[in-house]
Protein chains: 2
Amino acid sequence: MTDTINPVAAAEPGLRERKRKATSRAIQFAVLELSRDKGLENVTVDDISRRADISPRTFFNYFDSKESAVLGESHLASSLPDDLVEAFLSAGPETPVLDGLRDIMLVVAVPDTDDFELHQLRKEVIHHSPHLLIQRISRMRVFETELTALVEKRMTADALATARPNETPDQATLRDRASLTALVAMAAMRHSWGCWAESAESLSMPVLLTRSFRELRTLI
Amino acid sequence: MTDTINPVAAAEPGLRERKRKATSRAIQFAVLELSRDKGLENVTVDDISRRADISPRTFFNYFDSKESAVLGESHLASSLPDDLVEAFLSAGPETPVLDGLRDIMLVVAVPDTDDFELHQLRKEVIHHSPHLLIQRISRMRVFETELTALVEKRMTADALATARPNETPDQATLRDRASLTALVAMAAMRHSWGCWAESAESLSMPVLLTRSFRELRTLI
DNA sequence: TGCAATATTGCGTAGTCTGCAATAATTGAA
DNA sequence: TTCAATTATTGCAGACTACGCAATATTGCA
């Protein structure tokens, strides 16, 4: 898929692309409305397909499962922007690692603010079946792995910057701390999601994330 | 099901009980060996049942899914021992909440040390499909909820003990902090599980848990 | 032994999910 | 405009999970 000559990226997404987006939206809308009315567990893929005017087979061309359809297409499936990574790694030993992780989360965890209607529906449905939030976390395993590796790199760099020659930081210990740190950051993100799903008013994820990470600091 | 007159509880579990245990073990053994050899995704319930010499229907009398069978019967499905809860709630504002949570985890997260062979097999299999660890966490949603409520109670008590009359602690904020704290504790537990599954040597969960919680304190 | 409680099993069914091959729509280039 | 290549949709068949139900077998206990 080559880019158009037009410097403005995706100025014209093309009919194919637009149709695809429309179908995806139709599916999500269908599953969300049905879930809101009957509860997700009482909704079948056949139901969804019927309402979205597609074949059940097509449904699975778009989503792995009805749960995926509720959660929407997985953003952040791919890796992080380079400049963000660079900033995180070179922040130096003075800056708390968790602050860096918060900044990363701020970028990746903010989803499609474009479609308000879907957004609200999704929130309503997730509010009534919180187990979906856990699924959301589960689907981020790859991200979590990336994150852990990143934190390990950062911690190694920090350690080298501060250590006296003889004090080689134990790599195993470092990896350990890195994975714990990543997990704690994920916990903060999950906390934010939980607040988002519960709150009646629509606080934005950036706000919630910032708050969760701030609270984190007061915990220990 | 009334207790026997024998003061020694379950001195004789009865044939029925023993058979049930044996079947459960046979199932777990079957799924674990098959998973080790072929990978869990290539194992069907039929395979498991055949090897365990039961009908496929019986399998579902014991476990919800093959994943459940790999993870073993869910301990901590029910609620926490009363004395433990009491100790946690009344520890007072001086004791860190996370210390209390660690103590709770120490009790609930330590599984069946009785069956070494299963234990080792399980570790081997989980090591090769880490997504199971996330499932394990997912199945603890009820526990997580209990824990959150518990932390909220504790924090309320602590707040009342230290606050001056006019300073009514905001209940919403408290709930917020409570859920974040619970999530962080869960993160620590997950970290311990991760270490357990990865480590070649068999460090015990209590040791790992203690270490994870100690590291937690150095993070922020 | 014989009755009540419990466990196992087979059967049928609903639902999820995938592979495959035929068909239809879209695209870019001639 | 036309045509060929690419891509999307669909139906169909099949494997698998999961559960309700009723028949049968096993166990516990008097």
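The figures here come from the full heavy-atom set of this structure, side chains too, leaving out hydrogens, waters and symmetry mates. All chains are named by letter (A, B, ...) in the order of the sequence lines, taking the proteins before the strands, and each is independently numbered beginning at 1. Remember, predicted model here, so these are calculated numbers, not experimental data.
Protein atom NZ of B:K21 is 18 Å distant from nucleotide atom P of C:dT6, rounded to whole Å. What separates CD of B:E41 from P of D:dA15 is a distance of 19 Å, to the nearest Å. Rounded to whole Å, the distance from CG on A:D53 to C1' on D:dT10 is 14 Å. Separating the CG atom of B:D46 from the C1' atom of D:dT17 is a distance of 10 Å, rounded to the nearest angstrom. One atom, CZ of B:R18, and another, P of C:dT6, lie 18 Å apart when rounded to the nearest Å. When rounded to the nearest whole Å, the span between CZ of A:F59 and P of D:dT9 equals 13 Å. Rounding to whole angstrom units, CZ of residue B:F63 and P of D:dC16 are separated by 21 Å. In this structure, the CZ atom of B:R20 is 20 Å from the P atom of D:dA25, given to the nearest Å.
Judged by distance alone, the side chain of B:D47 and the main-chain N or O of B:V43 form no donor-acceptor pair under 3.5 Å. No donor-acceptor pair under 3.5 Å is formed between the side chain of A:H191 and the backbone N or O of A:L208.
Nearest nucleotide to the side chain of A:S55, out of D:dA18, D:dT10, C:dT8: D:dT10. The A:V45 side chain lies nearest to C:dT16 when the options are D:dT17, C:dT16, C:dA25. Relative to the side chain of B:I54, the nucleotides D:dA8, C:dT9, C:dT8 differ in distance, and C:dT9 lies closest. Closest approach to the B:F60 side chain among C:dT18, D:dC19, C:dT8 is made by D:dC19 (side chain taken as heavy atoms from C-beta onward). Considering only side-chain atoms of B:S65, the nucleotide from D:dT10, D:dA18, D:dT17 that sits closest is D:dA18. Closest to the side chain of A:K19, from the set C:dT26, D:dT10, D:dA8, is C:dT26.
B:R57 contributes no side-chain N or O that forms a donor-acceptor pair with the base of C:dG12 under 3.5 Å.
In this structure, A:Y62 reaches the D:dT9 phosphate: one of its side-chain N or O atoms is under 4.0 Å from OP1 or OP2. OP1 or OP2 of C:dT9 lies within a sub-4.0 Å distance of a side-chain N or O belonging to B:T58.
Ring pair B:H127/B:W196: centre-to-centre distance not below 6.0 Å.
Inspection of the B:S65 and B:S68 side chains reveals an N or O donor paired with an N or O acceptor under 3.5 Å.
Geometric assessment of A:R51 against the ring of A:F29 yields a negative cation-pi assignment under the 6.0 Å and 45° thresholds.
Pairing of C:dC11, defined by two Watson-Crick or G-U wobble distances under 3.5 Å, is identified with D:dG20.
Residue B:N61 is in base contact, counting any heavy-atom pair closer than 4.0 Å across all strands shown.
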